[in-house]
> 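Can you read through this structure? Questions will come right after.
Lettering follows sequence order; numbering is per chain, from 1.
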Amino acid sequence: MHPFRTHNCGELRKDHAGSRVRLSGWVFRKRDHGHLLFFDVRDHYGLTQIVLQPDRDFFEDGRRLRMESVITVTGQLVLRSPDTVNPEMPTGEVELVAEELIFESVSEPLPLAVDSDVDGPEDTRLRYRYLDLRRSRLHSNIVLRSKVIASIRRRMTEHGFMEFQTPILTSSSPEGARDYLVPSRIHPGMFYALPQAPQQFKQLLMVAGFDRYFQIAPCFRDEDARADRSPGEFYQLDLEMSFATQDDVFAVVEDVFSGVFSKFARQPFNRPPFPRLPYALSMERYGTDKPDLRVPIEMRNVTEQFRNSGFKIFSAAIDGGAVVRALPGPGAAAQPRSFFDKLVAHAQDLGSKGLAYLVWANGNVKGPLTKFLSVDQIAGLSQQCGVGEGDALFFLCDRAEDVNRIGADLRLRLGQSLGVMEQDAYRFCWIVDFPMFEKDPETGAIGFSHNPFSMPQGGLQALQEQAPMDVLAYQYDIVCNGLLLAGEKNIREVITFPMNQKAQDLMMGAPCEVSQQQLRELHIKPDLPPAKPTA
RNA sequence: GGGGGAGUAGCUCAAUCGGUUAGAGUCCCAGACUGUCGAUCUGGUUGUUGCGGGUUCGAGUCCCGUCUCUCCCGCCA
């Protein structure tokens with residue numbers, strides 16, 4: 001008999017009854033009746049009930065055993081009597097009557113409850129990640145991620161892509177995020193950088209003639225964390241194709257994503273082809289290059305309607321370079337006055353000077369703006385923005401970048417509070433035609449807006465002949481529910497060993513100090529900031 | 001770097017307007033129990049209310065400082 005197991009904890013059924021079996025796993029739950037003891041023993045595959053009878057010499061030790069101890073149990077697999085079958089468990093028709101019990105590893109009281117849906121404190125979860133990962137929700141997330149990645153690999157291979165590893169130790173590039181640096185021992189004072197993305201390598205693979213490359217690529221960026229962004233390192237699906245148009249790339253990605261989502265996602269999603277949104281249009285309608293299309297609200301540019309209107313606040317601002325954007329509130333007329341007051345206050349919190357609005361209710365149009373607009377103008381706004389009886393229309397007037405930022409926020413807020421946001425769905429789209437350059441709002445300097453390694457539309461000629469701000473790039477993002485899919489997603493739930501918000505690995509103790517000897521070899525002398533006074 | 005929120009038992013949380021000995025569940029410890037499956041029942045331990053200072057007859061509660069966590073902005077080609 002195998003020293004650890006003849007079966008796993010999830011596979012025994014009534015057909016196995018009568019055979020002598022051996023299982024190994026963790027004690028998940030314990031039910032102690034004093035003269036009868038039940039364990040549920042758990043492994044990756046499932047749970048099986050173990051019965052300990054009081055005449056066994058290991059019975060008393062078994063009673064004292066804590067949860068999460070690791071055991072190997074051998075005995076007869078028996079059918080449960082009909083009244084004791086547990087229909088909730090796949091193995092609930094049988095149980096293992098223990099004849100031998102080996103304590104592989106006896107557990108101390110644990111800092112985390114494995115048998116719980118309640119998350120403990122973040123730092124405890126990260127410090128004892130190997131315990132956190134035993135919890136079923138997290139365990140199944142990690143398994144799902146592994147299956148998704150395997151599915152992506154298979155689909156990419158079927159599309160004729162080959163997977164190549166690219167270097168981890170490379171050179172620092174001036175663009176983009178802050179680099180992680182690795183000091184060179186052989187070259188004093190010089191550093192490697194960890195790649196922020198394998199961008200240049202993949203293009204060189206095309207230059208070398210491999211035609212289609214992909215990689216589940218490690219990327220390293222030394223930037224601060226966000227709730228939806230793990231600091232330090234993450235993986236992304238990276239691909240490159242030779243002699244391909246933008247549409248060729250979209251076709252591959254759409255096929256891979258829709259295939260993976262059909263297989264693994266429970267929620268519905270829009271089928272390919274995914275909508276293509278030019279960057280400029282996305283900014284105008286959604287205020288962002290990462291629109292959440294589950295919210296069926298679109299802004300419209302109504303600057304011209306207010307340029308010579310009697311509403312001096314707007315027309316004066318427009319003369320000063322401001323734009324006016326209208327944001328529909330479908331069904332908002334039914335909301336109480338406090339709804340509008342709160343929305344105005346929120347807009348002001350975001351930095352808006354105000355938030356004017358019109359409300360179509362009971363055949364009339366109400367709101368502070370009505371006296372500045374003619375009946376025809378109001379009808380024109382209603383038609384342009386697709387609003388009518390029962391709806392409201394909000395107006396933002398500010399510099400374009402502020403209108404975008406505030407409008408994007410209000411759009412999502414309206415979608416949720418008015419109940420028009422699609423629930424439990426994935427909405428994909430492409431954002432295309434990114435500008436090649438942008439102006440730094442502080443300094444006015446022109447720099448690459450997104451990715452310096454993309455091709456300008458119109459080629460080198462465009463770079464020479466067009467105004468820099470007018471040059472578009474063959475540069476695109478795929479966006480789902482307002483999240484950029486190129487990047488990482490929802491971290492601590494799908495990454496096996498994540499770092500905390502301060503980019504520390506509490507379990508391994510990284511980053512950590514190193515010995516003087518190591519520093520000497522690397523020709524490094526720390527120049528530390530003054531220590532904070534300790535309390 | 002800037003702003004908001006939070007911090008009470010190992011864990012999840014409660015504690016009225018500032019009021020007397022800071023509670024409950026869980027975990028842990030001891031005991032009872034032969035069919036449970038989140039076993040049940042009885043009893044018990046567990047606290048610098050993050051830390052320091054202040055106001056007050058009296059502070060978990062109010063004020064100031066500080067630390068930690070968290071969210072947002074900056075940053076993220």
Side-chain angles (χ1 to χ4, degrees), chain A residues 28-42 47-55 59 63-64 66-68 78 80-89 91-93 95 97 107-126 128 131-132 172-180 193 195-200 219-234 236 290 349-351 405 409 434 436-438 441-442 447-454 473 475 477 484 486-488 492 500-504 506 532-535:
Chain A
F28 185 54
R29 291 196 179 107
K30 221 170 84 174
R31 294 174 289 279
D32 182 355
H33 292 246
H35 298 288
L36 187 67
L37 181 59
F38 299 98
F39 287 168
D40 290 335
V41 63
R42 180 197 76 239
L47 292 172
T48 302
Q49 174 161 286
I50 312 296
V51 186
L52 271 70
Q53 301 283 6
D55 55 348
F59 184 79
R63 287 187 68 190
R64 279 192 287 275
R66 285 195 200 89
M67 308 301 172
E68 294 305 308
V78 302
R80 298 202 202 177
S81 66
D83 58 316
T84 62
V85 164
N86 184 349
E88 307 290 317
M89 291 171 71
T91 63
E93 289 186 289
E95 61 192 7
V97 180
S107 177
E108 294 296 314
L110 299 179
L112 288 173
V114 173
D115 173 24
S116 172
D117 294 327
V118 181
D119 293 339
E122 189 76 11
D123 59 340
T124 309
R125 294 180 64 190
L126 292 174
Y128 301 97
L131 296 179
D132 202 23
S172 181
S173 66
E175 296 292 337
R178 203 174 291 114
D179 281 320
Y180 274 101
Q196 297 182 19
Q199 184 69 37
Q200 289 162 86
C219 303
F220 304 90
R221 295 176 192 172
D222 186 4
E223 299 294 343
D224 289 342
R226 274 285 186 282
D228 60 348
R229 186 176 79 204
S230 187
E233 58 179 85
F234 60 93
Q236 66 182 24
K290 294 185 276 292
D349 284 346
L350 295 172
R405 179 176 53 82
D409 186 293
F434 275 82
M436 195 79 198
F437 303 103
E438 68 182 1
E442 301 287 315
F448 288 112
S449 66
H450 210 63
N451 184 346
F453 303 106
S454 58
Q475 159 79 45
D477 282 335
L484 190 61
E488 60 276 50
R492 286 174 184 77
N500 69 4
Q501 279 226 314
K502 289 192 211 161
Q504 294 169 302
L506 295 176
K532 285 181 187 173
T534 48

> Does A:R31 put a side-chain nitrogen or oxygen below 4.0 Å from OP1 or OP2 of B:U36?
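No, because none of the side-chain N or O atoms of A:R31 sits under 4.0 Å from OP1 or OP2 of B:U36.
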> A:R221 near the nucleic acid: base, sugar-phosphate alone, or nothing, with a heavy-atom cut-off under 4.0 Å?
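Result for A:R221 = base.
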> Tell me the interatomic distance from A:D115, atom CG, to B:G38, atom P, rounded to whole angstroms.
9 Å
> Using the P atom as the point on both nucleotides, what is the distance between B:C29 and B:U46, in whole Å?
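The same atom, P, in both gives a distance of 16 Å.
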> Which part of the nucleic acid, if any, lies within reach of A:D123 when heavy atoms closer than 4.0 Å are counted: base, sugar-phosphate only, or nothing?
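Nothing, no heavy atom under 4.0 Å.
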> Quick one: A:R125 CZ to B:C11 P, roughly how many Å, whole number?
14 Å
> Suppose you measure atom P in B:G18 against the same atom in B:A6; what distance do you get, rounded to whole Å?
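Rounded to whole Å, the distance is 16 Å.
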> Taking 4.0 Å as the cut-off, does a side-chain nitrogen or oxygen of A:R66 come that near to OP1 or OP2 on B:C29?
yes
> When you check the side-chain N and O atoms of A:N500 and A:E122, is any donor under 3.5 Å from an acceptor?
no
> With nearest nucleotide decided by heavy atoms, which residue, A:F38 or A:P109, maps closer to the 5′ end of RNA chain B?
A:P109
> Heavy atoms only, 4.0 Å cut-off, all strands: where does A:A177 land among base, sugar-phosphate and nothing?
sugar-phosphate
> If you look at every strand shown and take non-hydrogen atoms under 4.0 Å, does A:Q475 touch a base, only sugar-phosphate, or nothing?
nothing
> In terms of side-chain heavy atoms of A:P54, which of B:G35, B:U34, B:C76 is nearest?
B:U34
> Just to be sure I understand the rule, does A:Q196 reach a base, reach only the sugar-phosphate, or reach nothing, if contact means heavy atoms closer than 4.0 Å?
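Nothing: the residue A:Q196, judged by heavy atoms under 4.0 Å, touches no strand.
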> Do NZ/NE/NH1/NH2 and the carboxylate oxygens of A:R31 and A:D40 come within less than 4.0 Å?
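Result for this pair is yes, salt bridge flagged.
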> Expressed as a whole number of angstroms, how long is the span from A:R226:CZ to B:C71:P?
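My rounded result for the distance is 10 Å.
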> Between B:C27 atom C1' and A:M67 atom CE, what is the distance in whole Å?
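One finds 10 Å between C1' of B:C27 and CE of A:M67, rounded.
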> Remember a base hit wins even if backbone is also touched, and classify A:V114 as base, sugar-phosphate or nothing at under 4.0 Å, heavy atoms.
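It contacts nothing in the nucleic acid.
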> Mind checking A:Q199 for me? I need base, sugar-phosphate or nothing, with any heavy atom below 4.0 Å counting as a touch.
base
> If the P atom of B:G74 is compared with that of B:C28, how far apart are they to the nearest Å?
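It comes out at 46 Å once rounded to the nearest Å.
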> Whole angstroms only, please: what is the OH-C1' distance between A:Y180 and B:C76?
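It works out to 12 Å between those atoms.
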> Please give, in whole Å, the distance from B:A6 C1' to A:E122 CD?
15 Å
> What is the distance, rounded to the nearest whole Å, between atom CG of A:D179 and atom C1' of B:C75?
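Taking CG of A:D179 and C1' of B:C75, I get 14 Å after rounding.
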> When rounded to the nearest 0.5 angstrom, what distance separates NZ in A:K30 from CZ in A:R64?
9.5 Å
> Please confirm whether the backbone N or O of A:G232 pairs with a side-chain atom of A:R221, one donor and one acceptor, at under 3.5 Å?
no
> Considering only atom C1', compute the distance from B:A9 to B:C73 and round it to an integer number of Å.
37 Å
> Is A:R80 salt-bridged to A:E93, going by a charged N under 4.0 Å from an acidic O?
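Result for this pair is no, no salt bridge flagged.
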> Compare side-chain N and O positions of A:K502 against OP1 and OP2 of B:U70 and report whether any pair is under 4.0 Å apart.
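Checking A:K502 against B:U70: no side-chain N or O falls below 4.0 Å of OP1 or OP2.
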> Would you say the rings of A:F38 and A:H33 are close, in the sense that their centroids are separated by under 6.0 Å?
yes
> Do you know which two heavy atoms are closest between A:R29 and A:M67, and how far apart they sit?
CA-SD, 3.9 Å
> Is a side-chain donor or acceptor of A:Q196 paired with a backbone partner of A:A177 at a separation under 3.5 angstrom?
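Such a contact is found between A:Q196 side chain and A:A177 backbone.
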> Over all strands shown, is A:R80 touching base, sugar-phosphate only, or nothing at heavy-atom distances under 4.0 angstrom?
base
> Is the distance from OP1 or OP2 of B:U70 to the nearest side-chain N or O of A:Q501 less than 4.0 Å?
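For B:U70, OP1/OP2 do have a side-chain N/O of A:Q501 under 4.0 Å.
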> Determine the Euclidean distance between corresponding C1' atoms of B:A59 and B:U49; express it in Å to zero decimal places.
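My reading of the C1' atoms in B:U49 and B:A59 gives 11 Å.
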> How far, in whole Å, is B:U55 from B:U61 if one measures between their C1' atoms?
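Per the computed distance, 14 Å lies between those C1' atoms.
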> Does the structure show a Watson-Crick or G-U wobble partner for B:A39, both distances under 3.5 Å? Name it, or say none.
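For B:A39, the partner nucleotide comes out as none, under the 3.5 Å rule.
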> Go through B:G38, B:C75, B:G35 for me and flag the one nearest to the A:R29 side chain.
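Closest nucleotide to the A:R29 side chain: B:G38.
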> Do we see A:H33 stacking on the base of B:G35, given a limit of 5.5 Å between centres and 30° between planes?
no
> Whole Å only: how far is the CD atom of A:Q49 from the P atom of B:U36?
10 Å
> Counting the atoms with a prime plus P, OP1 and OP2 as sugar-phosphate, which does A:R405 contact under 4.0 Å by heavy atoms, base, sugar-phosphate, or nothing?
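Nothing, no heavy atom under 4.0 Å.
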> On RNA chain B, compare the nucleotides closest to A:G34 and A:G120; which residue's is nearer the 5' end?
A:G120
> What's the gap between B:G50 and B:G7 when it is taken at their P atoms, as a whole Å value?
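Per the computed distance, 8 Å lies between those P atoms.
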> With rounding to whole Å, what would you report as the distance between B:C62 and B:G23 at their C1' atoms?
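Nearest-Å result for B:C62 against B:G23 at atom C1': 23 Å.
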> Would you indicate which nucleotide in B:C37, B:U36, B:C33 comes nearest to any side-chain atom of A:E95?
B:U36
> Could you check which nucleotide pairs with B:U68 in any of the strands shown, counting Watson-Crick or G-U wobble with both distances under 3.5 Å?
B:A6
